[in-house]
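Here's the structure we're looking at; comments come further down.
Note that this is a predicted model, so its numbers are computed, not measured. Numbering of residues begins at 1 and proceeds along the displayed sequence.
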Amino acid sequence: MSGEDRRQYCLENTPNVIGLIKELCGIPAPSNHEEARARFCRDWMRKAGFENAYIDTADNAVCSIGAEDGNEVVLLTAHTDTVFPDTKAMPLYEKEGKLYSPGVGDDTANLAVLLYTARYFLSRGVKSGCGVVFAANSGEEGLGNLRGIRRLMEDYKGRVKEMVSFDGGYAHICNKAVGSTRYRISLRTEGGHSYSDFGNRNAIHVLSSLISLLYTVKVPAYAKSKTTYNVGAIRGGTSVNSIAEDAEILYEYRSDERVCLEKMKQIFEGILVPYKNLCREIKAEVIGERPCGGEVDAAAQQALVDRAKGSILRVYGKDPSCWAGSTDCNIPLSLGVPAICFGAYEGGGGHTRGEWINLASIPIGFEIVLDFVSHYFTES
């Protein structure tokens with residue numbers, strides 16, 4: 001299981017990884033509807049030799065090496081869902097050394113690399129001081145609300161030593177959690193006909209004033225924190241000649257500090273109070289909640305970051321930067337478990353329909369992941 005062996009495996013299997021990326025791109029997996037991709041991943045794991053591969057209640061496809069005895073485990077994941085709602089296969093094409101498809105990088109490329117990485121270590125008959133769990137997990141994007149990683153952390157409760165999410169590229173490492181609270185805010189007014197009922201309250205007008213007020217908020221500050229907010233979608237009304245009687249928005253606030261999230265909640269709830277008298281009904285439904293980091297052992301967290309940096313430097317030759325983000329790592333970090341997020345490709349256009357990956361980056365990222373994961377194993 002030498003570096004040369006990993007490099008040779010990488011060179012031999014890079015075409016297979018790229019083929020798997022293309023195959024996975026053809027399996028739609030919007031958040032909360034990842035069933036087909038989960039089944040594919042489970043079946044792939046079984047064909048690779050993982051007799052213990054299964055799908056759990058959150059549509060995670062899971063397999064493991066040495067994790068059957070209640071021992072301590074390391075959790076290695078890549079998410080199956082894409083940010084796009086499409087339930088049919090999305091366009092896929094190559095051009096000038098790039099592979100284009102919505103979701104091709106986030107997180108399909110990393111998922112393919114993780115699967116071939118799991119196969120490598122199983123095929124080498126390796127062992128580890130702790131169990132190693134490989135998971136193609138659900139629910140990382142948007143309103144998936146991290147349901148896959150929540151399920152995994154519950155199933156392995158008290159056993160997870162550290163967690164690594166392979167998501168994004170290898171130029172950056174996410175080592176801090178950005179928490180968020182997401183709402184669907186809906187309201188109703190009397191509405192009516194645009195001419196005969198002119199003067200009745202218009203739900204769109206009332207909601208517009210709420211949006212304007214939300215955008216006057218001065219975000220709280222704490223140490224070097226960053227706090228943001230956003231209205232990401234708006235819906236309402238019936239026709240041009242109807243006074244809208246209902247309207248709704250999707251709204252979120254984010255921060256990398258818990259105290260700032262708590263302050264934003266207080267501000268938000270205060271803003272809503274007068275609107276209870278401006279409309280017949282107003283609701284603020286929490287549709288997603290991602291926690292910030294908790295009390296994580298700083299030395300253990302830094303050691304995990306350093307191991308990832310070491311692998312990236314050895315293979316890629318450049319020192320990655322660190323950043324705060326909203327990823328699957330939010331859940332373990334909130335529970336005090338060391339966790340980081342980095343990936344296996346270079347690309348662009350994430351969360352757009354023009355998303356692409358540089359195919360020449362795949363063997364580099366693949367070798368980085370193999371090198372990093374090798375720290376958990378020794379030869380039998």
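The closest donor-acceptor contact from the side chain of Arg37 to the backbone of Leu24 lies under 3.5 Å.
Pairing each heavy atom of Val178 with each of Ser326, the nearest pair is O-CB, 3.6 Å.
Between Phe121 and Phe134, the ring center distance fails the sub-6.0 Å criterion. A ring-centre distance under 6.0 Å is not found for Phe268 and Tyr229.
In summary, Glu248 and Arg184 engage in a salt bridge, as defined by a charged side-chain N under 4.0 Å from a carboxylate O. With salt bridges taken as basic N to acidic carboxylate O contacts below 4.0 Å, none links Glu355 and Arg353. Under the 4.0 Å criterion applied to side-chain N and carboxylate O atoms, Glu4 and Arg7 are assigned as salt-bridge partners. A salt bridge is defined here as a Lys NZ or Arg NE, NH1 or NH2 lying under 4.0 Å from an Asp or Glu carboxylate O, and Arg201 with Glu190 meets this definition. Here Arg151 pairs with Asp155 in a salt bridge; the nearest charged N to carboxylate O distance falls below 4.0 Å.
By the criterion of side-chain heavy atoms lying less than 4.5 angstrom apart, applied directly or through intervening Ile, Leu, Val, Met, Phe, Trp or Tyr residues, Phe377 is grouped together with Val113 in one hydrophobic cluster. Residues Val231 and Tyr253 share a hydrophobic cluster, clusters being chains of Ile/Leu/Val/Met/Phe/Trp/Tyr side chains in contact below 4.5 Å. Both Val286 and Tyr251 are members of a single hydrophobic cluster when ILVMFWY side chains are connected at heavy-atom separations under 4.5 Å.
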(message) If you apply the rule ring-ring contact (aromatic ring centres under 6.0 Å, His included), what do you find for Phe342 with Phe372, and how did you get there?
(response) CA-CA 11 Å; Phe342 70 96; Phe372 175 82; 5.4 Å; yes

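There is no side-chain donor-acceptor pair under 3.5 Å between Asn241 and Ser194.
Taking the six-membered ring for Trp and thresholds of 30 and 60 degrees, Tyr116 and Tyr9 have ring planes inclined between 30 and 60 degrees apart.
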Counting only pairs under 3.5 Å, give me each side-chain donor-acceptor contact of residues 67-77, with atom names and distances, residues two or more places apart or in other chains.
unit_1, atom_1, unit_2, atom_2, d
Glu68, OE2, Asn52, ND2, 2.9
Glu68, OE2, Ser64, OG, 3.1
Asn71, OD1, Arg159, NH2, 3.2
Asn71, ND2, Gly66, O, 2.9

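Of the listed residues (Arg147, Arg39, Arg42), just one forms a salt bridge (Lys or Arg N to Asp or Glu O under 4.0 Å) with Glu34, and that residue is Arg147. The only option from His375, Glu162, Gln302 that meets the side-chain hydrogen bond (donor to acceptor under 3.5 Å, both in side chains) definition with Arg307 turns out to be Glu162.
Glu23 is linked by a salt bridge (charged side-chain N to carboxylate O under 4.0 Å, His left out) to nothing, counting only residues two or more places apart in sequence or in another chain.
Between atom CD1 of residue Ile249 and atom CZ of residue Arg235 there is a gap of 12.0 Å, rounded to the nearest 0.5 Å.
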